[in-house]
Amino acid sequence: MRLSTKGRYGLKALLELSINYGEGPVLMGTIAKKQNISRKYLHAILTSLKSAGIVRSVRGAGGGYVLGRDPSTIHLDEVLRVLEGSMCLIDCVENNQICPVSDSCIAREVWSELSQSIQEYLANLSLDDLARRVRDREVGQMMYYI
């Protein structure tokens with residue numbers, strides 16, 4: 001599994017919203033500038049996250065984006081599934097019909113177990129966990145590298 005910029009930038013944007021959770025909406029331009037993401041690309045990412053209910057947009061003066069729910073309930077596996085799609089390392093793990101020997105393939109078993117381990121790790125890591133790491137390191141106004 002290789003994360004694209006969409007997944008990495010999406011996590012950066014969500015981390016920014018997590019750090020500011022409960023303090024009101026954050027402007028897309030603020031996130032884009034602070035995290036060095038183009039506004040156009042960030043808009044596409046936030047649109048996907050909004051469709052999945054992970055973020056909400058707030059209109060009007062003082063508007064912007066907020067998390068759709070508490071950051072402790074938003075896990076990285078959910079976010080990456082929305083932004084990246086399947087998290088399986090190879091196609092036959094998800095669809096054994098694409099290979100005639102997949103049912104007896106030892107390598108497929110290894111890739112399946114590894115994919116499962118990655119998914120379980122991401123399922124146990126929330127946006128709140130990431131925000132806590134930032135606060136613990138006292139990064140302040142620095143960019144968050146993901």
Side-chain angles (χ1 to χ4, degrees), residues 1-96 98 102 105-146:
M1 177 174 87
R2 182 175 174 95
L3 289 179
S4 70
T5 55
K6 189 174 185 180
R8 291 193 336 263
Y9 290 179
L11 287 175
K12 283 182 169 191
L14 290 172
L15 181 54
E16 194 69 44
L17 295 177
S18 296
I19 297 286
N20 292 287
Y21 184 72
E23 298 176 12
V26 180
L27 293 171
M28 182 176 58
T30 300
I31 298 169
K33 184 175 180 180
K34 195 168 182 181
Q35 297 301 328
N36 197 27
I37 304 170
S38 83
R39 286 177 58 99
K40 184 177 180 180
Y41 197 31
L42 181 58
H43 183 266
I45 291 167
L46 290 172
T47 298
S48 295
L49 294 170
K50 183 179 173 188
S51 294
I54 295 172
V55 300
R56 288 186 305 113
S57 61
V58 178
R59 294 180 177 253
Y65 285 87
V66 296
L67 293 176
R69 56 186 197 269
D70 188 281
S72 66
T73 68
I74 302 171
H75 293 87
L76 273 58
D77 67 321
E78 174 187 9
V79 172
L80 293 175
R81 221 175 294 110
V82 167
L83 296 175
E84 299 284 355
S86 172
M87 291 186 290
C88 289
L89 295 174
I90 58 174
D91 293 336
C92 69
V93 168
E94 193 168 63
N95 179 5
N96 66 350
I98 65 172
S102 65
C105 180
I106 297 302
R108 180 177 180 266
E109 288 179 25
V110 172
W111 303 138
S112 179
E113 291 166 4
L114 183 55
S115 293
Q116 184 64 35
S117 294
I118 291 169
Q119 289 175 27
E120 287 173 8
Y121 179 80
L122 294 171
N124 288 309
L125 194 58
S126 72
L127 292 178
D128 192 48
D129 295 327
L130 293 183
R132 191 174 311 111
R133 289 181 186 194
V134 170
R135 286 189 288 272
D136 288 348
R137 292 183 186 167
E138 299 180 344
V139 173
Q141 297 300 314
M142 291 176 55
M143 265 196 289
Y144 316 115
Y145 293 97
I146 294 180

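Only this structure's heavy atoms are used, side chains among them; waters, hydrogens and symmetry mates stay out.
Look at D129 and R132 and you find a salt bridge, because one of the NZ, NE, NH1 or NH2 atoms lies within 4.0 Å of a carboxylate O, short of that distance. We find that D77 and R81 are joined by a salt bridge, their nearest charged nitrogen and carboxylate oxygen being less than 4.0 Å apart. Salt-bridge check for K34 with E16: passed, with a basic side-chain N closer than 4.0 Å to an acidic carboxylate O.
Counting only residues at least two apart or on different chains, the side-chain hydrogen bond (donor to acceptor under 3.5 Å, both in side chains) pairs with a member in residues 107-116 are Q116-E120. A ring-ring contact (aromatic ring centres under 6.0 Å, His included) check over residues 68-96, counting only residues at least two apart or in different chains, returns nothing.
For the pair I118/M87, no side-chain contact is recorded, criterion being any heavy-atom separation below 4.5 Å from C-beta on. Using a 4.5 Å heavy-atom threshold, the side chains of L67 and L127 count as touching. At a threshold of 4.5 Å between non-hydrogen side-chain atoms, the residues Q119 and C88 count as touching. Residues R133 and L125 are in side-chain contact: their nearest non-hydrogen atoms beyond the backbone lie under 4.5 Å apart.
Remark: N124 pairs with no residue by the side-chain hydrogen bond (donor to acceptor under 3.5 Å, both in side chains) rule, at least two apart or across chains. Here Y41 pairs with T5 under the side-chain hydrogen bond (donor to acceptor under 3.5 Å, both in side chains) rule; sequence neighbours left out. For T73, the side-chain hydrogen bond (donor to acceptor under 3.5 Å, both in side chains) test picks out R69, with sequence neighbours left out.
Here the closest non-hydrogen pair linking S48 and K6 is OG-NZ, 3.9 Å. When all heavy atoms of P25 and V66 are compared, the closest pair comes out as CA-CG1, 3.4 Å. The minimum heavy-atom distance between E94 and S86, with the atom names listed, is OE2-OG, 3.0 Å.
The main-chain N or O of H43 is found under 3.5 Å from a side-chain atom of T47 such that the two form a donor-acceptor pair. No side-chain donor-acceptor contact under 3.5 Å links Q35 to the backbone of Y9.
Atom CG in L15 sits 9.5 Å away from atom CG in N20 (nearest 0.5 Å). A distance of 10.0 Å separates CD1 of I45 from NZ of K12, quoted to the nearest 0.5 Å. Annotation: the span from K33 atom NZ to L27 atom CG amounts to 12.0 Å, rounded to 0.5 Å.
More than 12 heavy atoms of other residues, nucleotides or ligands shown are found within 6.0 angstrom of CG on D70.
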Identify all side-chain donor-acceptor contacts of residues 57-65 below 3.5 Å with residues at least two apart in sequence or on another chain.
residue: S57; atom: OG; partner: K50; partner atom: NZ; Å: 3.0

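A side-chain contact (heavy atoms from CB on, under 4.5 Å) with L14 is found for one member of V79, I31, L46 and no other, namely V79.
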**OP:** Apply the test side-chain contact (heavy atoms from CB on, under 4.5 Å) to residues L3 and L83: give CA-CA distance (whole Å), side-chain angles for both, the deciding distance (0.1 Å), then the verdict.
**Re:** CA-CA 10 Å; L3 289 179; L83 296 175; over 6 Å; no
**OP:** List the steps, then state whether side-chain contact (heavy atoms from CB on, under 4.5 Å) holds for L76 with L130.
**Re:** CA-CA 10 Å; L76 273 58; L130 293 183; 4.0 Å; yes
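Side-chain contact of S126 with D128: a donor-acceptor pair under 3.5 Å is absent, judged by distance alone.
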